[in-house]
Q: 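Okay, here's the structure, questions in a sec.
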Amino acid sequence: LIDCNDTILRMFGYHSLEELAALQPSGLSPEFQPDGKPSAGAAREHIRAAIENGVDRFEWVHRKRDGSTFPAEIVLSAFGIGEKQYLQSSVRDITERKLAETAVRESGENYRHMVEFSPSGMHFYEKLPGGDLIFTGANPAADRILGIDHSRFIGKNILEAFPALARTELPDQYCRVADEGGVWRADQVFYDEGGISGAYTVQVFRISPGIITATFQDLTEQVRHRPRSYHAAPALRRHRSTGSAGPGRAQVRRQGFQTS
């Protein structure tokens, strides 16, 4: 080690260049890197790559004076002055970035866990640039509640998957949420087609631009036991919305649904 700046001294916890220069290179790294490779051998590989290519960029785990470690992004550059060959190492502490990546990864795992074990059914859609709303999947609860295997719908337009929705405003509301965000809710949707028959409460929200989730719960048994006067009301008793999706206005009525 010939020279370093104050940032490197602070990063590694040393007080002077002399103190840092007295160390062997192995003193600045743990014995092994996260991939299991010995640090000494891996360092030689990166040095060779920098000499051959002029520069080598890679991630590395360094060790501080107090023995703690931190992830770093290294840019190792090789250059010559006269007949002498030199290496310059730029070290950037990427601890915050790694923590953020871990948080995103764990959040994704938590979301997948929520989807898999949710008692509510979930339908997933993507709105394509041409306007088609494509069914992309469902969770296990959706299969159980509707009594069907949703895998045959994947890749189909919403009206190919659920033709009876053509007589409702649900597809338009779904597209509106995909475009504008917000949440749209239907307190009751009656459906009776293609082996699906029941009453459901539906709530739709946007995951990201063009990507939506429609959650639903089965209300069939509750509806069956309501007073007869209640069944004379419109099939969709109320629409509620929040955010920018706007209020639903359709009266969703599933012809052929019977309560007895």
Side-chain angles (χ1 to χ4, degrees), residues 114-127 131-154 156-207 211-260:
M114 179 193 72
V115 168
E116 183 176 355
F117 294 102
S118 171
S120 297
M122 293 184 175
H123 286 169
F124 307 104
Y125 295 91
E126 178 181 3
K127 187 179 181 187
D132 282 345
L133 192 63
I134 303 300
F135 184 87
T136 59
N139 69 342
D143 285 355
R144 184 178 66 255
I145 292 171
L146 300 184
I148 61 172
D149 180 1
H150 284 80
S151 62
R152 70 179 187 269
F153 297 147
I154 293 176
K156 293 184 176 182
N157 181 285
I158 185 173
L159 296 182
E160 294 174 330
F162 305 104
L165 293 182
R167 297 188 293 273
T168 77
E169 205 173 0
L170 264 70
D172 289 339
Q173 295 291 358
Y174 284 20
C175 287
R176 184 178 299 179
V177 173
D179 289 337
E180 303 175 11
V183 177
W184 183 81
R185 176 183 174 87
D187 285 350
Q188 281 190 30
V189 174
F190 292 107
Y191 195 98
D192 186 16
E193 190 169 14
I196 303 172
S197 181
Y200 310 93
T201 179
V202 177
Q203 180 167 289
V204 187
F205 57 92
R206 187 168 72 170
I207 300 298
I211 307 295
I212 63 170
T213 297
T215 66
F216 60 92
Q217 294 179 329
D218 191 348
L219 300 177
T220 306
E221 289 303 312
Q222 297 178 37
V223 171
R224 290 185 193 278
H225 293 90
R226 284 172 179 163
R228 182 177 298 273
S229 61
Y230 188 93
H231 302 314
L236 178 60
R237 304 189 68 86
R238 291 184 303 278
H239 280 277
R240 293 199 299 268
S241 66
T242 61
S244 57
R249 295 181 297 275
Q251 294 294 307
V252 181
R253 190 185 301 274
R254 286 279 64 78
Q255 299 297 333
F257 179 82
Q258 299 179 353
T259 58
S260 59

Q: Nearest 0.5 Å, what's the CD-CD1 distance between Glu126 and Ile134?
A: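 Taking CD in Glu126 and CD1 in Ile134, the distance rounds to 8.0 Å.
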Q: Is the backbone N or O of Ala178 less than 3.5 Å from a side-chain atom of Arg206, with the two atoms forming a donor-acceptor pair by type?
A: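 Between the backbone of Ala178 and the side chain of Arg206 there is a qualifying donor-acceptor contact (under 3.5 Å).
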Q: Of all residues at least two apart in sequence or in a different chain, which pass the side-chain contact (heavy atoms from CB on, under 4.5 Å) check with Pro171?
A: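 Partners of Pro171 by the side-chain contact (heavy atoms from CB on, under 4.5 Å) criterion, ordered by chain and then number, come out as Ile158, Leu159, Leu165, Thr168.
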Q: Quick one: side-chain hydrogen bond (donor to acceptor under 3.5 Å, both in side chains) partners of Thr136, sequence neighbours excluded?
A: none
Q: Rounded to the nearest 0.5 Å, what separation is found between the CG atom of Asp143 and the CD1 atom of Ile148?
A: 7.0 Å
Q: Less than 4.5 Å apart, side chain to side chain, heavy atoms only: is that true for Phe216 and Val189?
A: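 When only atoms from C-beta onward are counted, Val189 and Phe216 do not touch, as no gap falls below 4.5 Å.
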Q: Quick one, Leu146 and Tyr191 - any side-chain contact, counting heavy atoms below 4.5 Å?
A: no
Q: Please list, chain by chain and in numerical order, all residues satisfying salt bridge (Lys or Arg N to Asp or Glu O under 4.0 Å) with Asp179, sequence neighbours excluded.
A: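 Listed in chain order: Lys127.
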Q: Could you report the tightest heavy-atom contact between Val115 and Asn139, atom names first, then the distance?
A: O-ND2, 3.1 Å
Q: Can you sort out the partners of Glu116 under side-chain contact (heavy atoms from CB on, under 4.5 Å), two or more places apart, ordered by chain and number?
A: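 side-chain contact (heavy atoms from CB on, under 4.5 Å) list for Glu116, sorted by chain: Pro140.
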Q: Quick one: closest heavy-atom pair of Arg152 and Gly194, and the distance?
A: NH2-O, 4.4 Å
Q: When you measure from the side chain of Asp132 to the backbone of Asn157, do you find a donor-acceptor pair of N or O atoms at a distance under 3.5 Å?
A: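 Side chain of Asp132 to backbone of Asn157: no pair is present.
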Q: Tyr125: which residues meet the ring-ring contact (aromatic ring centres under 6.0 Å, His included) condition with it, sequence neighbours left out?
A: Phe135, Tyr174
Q: Search all heavy atoms of Gly198 against all heavy atoms of Thr220 and return the closest pair with its distance.
A: CA-OG1, 3.2 Å
Q: Determine whether Leu170 and Phe162 make a side-chain contact, defined as any pair of heavy atoms from C-beta on separated by less than 4.5 Å.
A: no
Q: Just verifying a value: how many Å separate Thr201 OG1 and Leu219 CG, rounded to the nearest 0.5 Å?
A: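 Thr201 atom OG1 to Leu219 atom CG measures 5.5 Å (nearest 0.5 Å).
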Q: Show me the donor-acceptor pairs within less than 3.5 Å that the side chains of residues 117-124 make with the rest of the protein, sequence neighbours left out.
A:
residue: Ser118; atom: OG; partner: Ser120; partner atom: N; Å: 3.1
residue: Ser118; atom: OG; partner: Ser120; partner atom: O; Å: 3.4
residue: Ser120; atom: OG; partner: Gln217; partner atom: NE2; Å: 3.1
residue: His123; atom: NE2; partner: His150; partner atom: NE2; Å: 2.8

